[in-house]
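What follows is a single structure, written as structure tokens, with notes after it.
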Amino acid sequence: MRILCVDDEPLALKMLETSIKKAKPDVDVLAFRKPSELLEEAKKDGCDIAFLDIHMRGMTGVELAKELKGVNPKMNIIFVTGFSEYAGDAMKMHASGYIMKPVSQAKIEEELSDLRFPIVPKENALLRVQCFGNFDVFTPDGEHVHFDRSRSKEIFAYLVHRHGSACSTKEIAAALFEDEPYDKKQQSYIQTLIASMMKGLKAVGADGAVSKSHNALAVNPDVLDCDYYRFAELDGGAVNAYQNEYMSQYYWAEFFFDDY
């Protein structure tokens, strides 16, 4: 989770930043005195929640909120102000919350407990998955996940691509071996690849990232921190990170983003 906050008054900004950190000590909190700097950061690396002072010189909090909604329509905007007459304008932006100064930890916690767009925490994700550019898989601390066979890694890529939809071994074979017949020999080979894939995931404690049923597999998107999934949720950082390359090493993914 990333939280950005802005106030052009230094003492008010410090109080806001401190209160957020007390309410959420384990998240990234970035504070800005200039609305333009916060906007630039949101465009660059994304933002889940933005605390915006309404009455600022240059760009008001309401104007900034409009720009941020252009970056990510599902961004949670929480307005902060000492002037109650701005409440109407703020609520027209479909804000997630509204805090009257002075800011406190309790007020922050109250607003964070009832967000307009609830955030699925990724702090406990089993894996970090990179789909933009070449496909790759990492543990939460950044270590590469090793797969004994490249085709095993490709099966996991295909399951991630399917975003939680169940895939039969026949579907997987059709994607990876498009022009080859699906006979007993190939079916046995696919099962060997799947076993190798699960071995690689289990080695890093992430075998729970894939659920298995009779002759079908699916990833559990809730335990993956994945740039493609964040893109689908209109996360600003993921949208900006996409440079027209998606799972570049796999031919079956080549035309996936043509309609975006």
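- In this structure, Ser19 OG and Lys107 NZ are separated by 9.5 Å, a value rounded to the nearest 0.5 Å.
- The distance from the OG atom of Ser150 to the OH atom of Tyr250 is 7.5 Å, given to the nearest 0.5 Å.
- For Phe135, the ring-ring contact (aromatic ring centres under 6.0 Å, His included) criterion is met by no residue, not counting sequence neighbours.
- Residues Glu63 and Lys66 are not paired through a salt bridge, judged by the lack of any N-O separation under 4.0 Å between the basic side chain and the carboxylate.
- Heavy-atom minimum distance, Gly208 versus Val223: O-CG2, 4.3 Å.
- A donor-acceptor pair under 3.5 Å links the side-chain atoms of Ser96 to the main chain of Arg116, judged by distance alone.
- Enclosure of atom CE in Met15 is not indicated, since only 12 or fewer non-hydrogen atoms of other residues, nucleotides or ligands lie within 6.0 angstrom.
- Here the side chains of Asp48 and Asn76 are not in contact, with every heavy-atom distance at 4.5 Å or above.
- Ser211 pairs by the side-chain contact (heavy atoms from CB on, under 4.5 Å) definition with Ala218, not counting sequence neighbours.
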- Task: Start with the C-alpha distance between Ile78 and Leu115, add both sets of side-chain angles, then the distance that settles side chain to side chain contact (heavy atoms under 4.5 Å, CB included), and finish with yes or no.
- Result: CA-CA 9 Å; Ile78 299 176; Leu115 294 172; 4.2 Å; yes
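- Considering only heavy atoms from C-beta on, Glu178 stays 4.5 Å or farther from Trp252 through its side chain.
- Residues passing the side-chain contact (heavy atoms from CB on, under 4.5 Å) test with Glu40: none are found, sequence neighbours excluded.
- Residue pairs that meet the salt bridge (Lys or Arg N to Asp or Glu O under 4.0 Å) test with at least one member in residues 5-21, sequence neighbours left out, are Asp7-Lys101, Asp8-Arg57, Glu9-Arg57, Glu17-Lys21.
- Between Leu224 and Ala125, the shortest heavy-atom distance links the atoms C-CB, 4.3 Å.
- Looking at heavy atoms from C-beta onward, Leu13 lies out of side-chain contact with Asp53 at the 4.5 angstrom threshold.
- Side chains of Ser168 and Asn215: a donor-acceptor N/O pair is absent below 3.5 angstrom, by distance only.
- Nearest heavy atom pair, residue Ala65 against residue Phe79, reads CB-CZ, 3.6 Å.
- For residues 180-201, the set of pairs meeting the ring-ring contact (aromatic ring centres under 6.0 Å, His included) definition, not counting sequence neighbours, comprises Phe177-Tyr189.
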Side-chain donor-acceptor contacts of residues 155-167 below 3.5 Å, not counting sequence neighbours, with atom names and distances?
residue	atom	partner	partner atom	Å
Tyr158	OH	Arg162	NH1	3.3
His161	ND1	Tyr246	OH	2.9
Ser165	OG	Arg162	O	3.3

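- Side-chain atoms of Gln186 do not come within 3.5 Å of backbone N or O of Ile190 as any donor-acceptor pair.
- Annotation for Glu111 and Gly97: closest pair OE1-CA, 3.2 Å, computed over non-hydrogen atoms.
- Residues that satisfy the side chain to side chain donor-acceptor pair (under 3.5 Å) test with Thr192, not counting sequence neighbours, are absent from this structure.
- Under the 3.5 Å distance criterion, the side-chain polar atoms of Ser113 are matched with a main-chain donor or acceptor of Glu110.
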- Before giving the answer on side chain to side chain contact (heavy atoms under 4.5 Å, CB included), spell out for Thr81 and Met100 the whole-Å C-alpha distance, their side-chain angles and the decisive distance to 0.1 Å. CA-CA 5 Å; Thr81 186; Met100 288 294 297; 4.1 Å; yes
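- Side-chain atoms of Ile172 and Lys170, non-hydrogen and from C-beta on, never get closer than 4.5 Å to each other.
- Residue pairs meeting the salt bridge (Lys or Arg N to Asp or Glu O under 4.0 Å) criterion with at least one member in residues 201-212: none, sequence neighbours excluded.
- Every residue two or more places apart in sequence or in another chain that forms a side-chain contact (heavy atoms from CB on, under 4.5 Å) with Glu245 is listed here: Ser248.
- The shortest side-chain heavy-atom distance between Leu201 and Met198 falls under the 4.5 Å cut-off.
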- Message: Evaluate Ile108 against Leu16 for side chain to side chain contact (heavy atoms under 4.5 Å, CB included), listing each step before the verdict.
- Response: CA-CA 9 Å; Ile108 297 290; Leu16 176 58; 4.1 Å; yes
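- Judged purely by atom type and a 3.5 angstrom limit, Ser152 uses its side chain to pair as donor or acceptor with the backbone of Leu193.
- Counting heavy atoms from C-beta on, the side chains of Ile20 and Leu112 never come closer than 4.5 Å.
- Under a hydrophobic-cluster definition in which Ile, Leu, Val, Met, Phe, Trp and Tyr are linked whenever side-chain heavy atoms come within less than 4.5 Å, directly or via other members, Phe138 and Met197 are assigned to different clusters.
- At a threshold of 4.5 Å between non-hydrogen side-chain atoms, the residues Cys226 and Pro221 do not count as touching.
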- Worked check of side chain to side chain contact (heavy atoms under 4.5 Å, CB included) between Phe51 and Val103: CA-CA 11 Å; Phe51 286 83; Val103 176; over 6 Å; no
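- Side-chain contact between Arg230 and Asp225 is present, with heavy atoms from C-beta onward closer than 4.5 Å.
- Residues passing the side chain to side chain donor-acceptor pair (under 3.5 Å) test with Arg2, sequence neighbours excluded: Glu41.
- Of all heavy-atom pairs spanning Met56 and Pro35, the tightest one is CE-CG, 3.5 Å.
- Residues Gln130 and Asn134 come closest through the heavy atom pair NE2-O, 2.9 Å.
- Legend: residues meeting side-chain contact (heavy atoms from CB on, under 4.5 Å) with Ala50, ordered by chain and number and at least two apart, are Cys47, Leu52, Leu68, Met75, Ile77.
- Counting only residues at least two apart or in different chains, salt bridge (Lys or Arg N to Asp or Glu O under 4.0 Å) contacts with residues 129-139 comprise Asp136-Lys153.
- Put simply, CG on Leu64 and NZ on Lys34 are 14.5 Å apart, with the number rounded to the nearest 0.5 Å.
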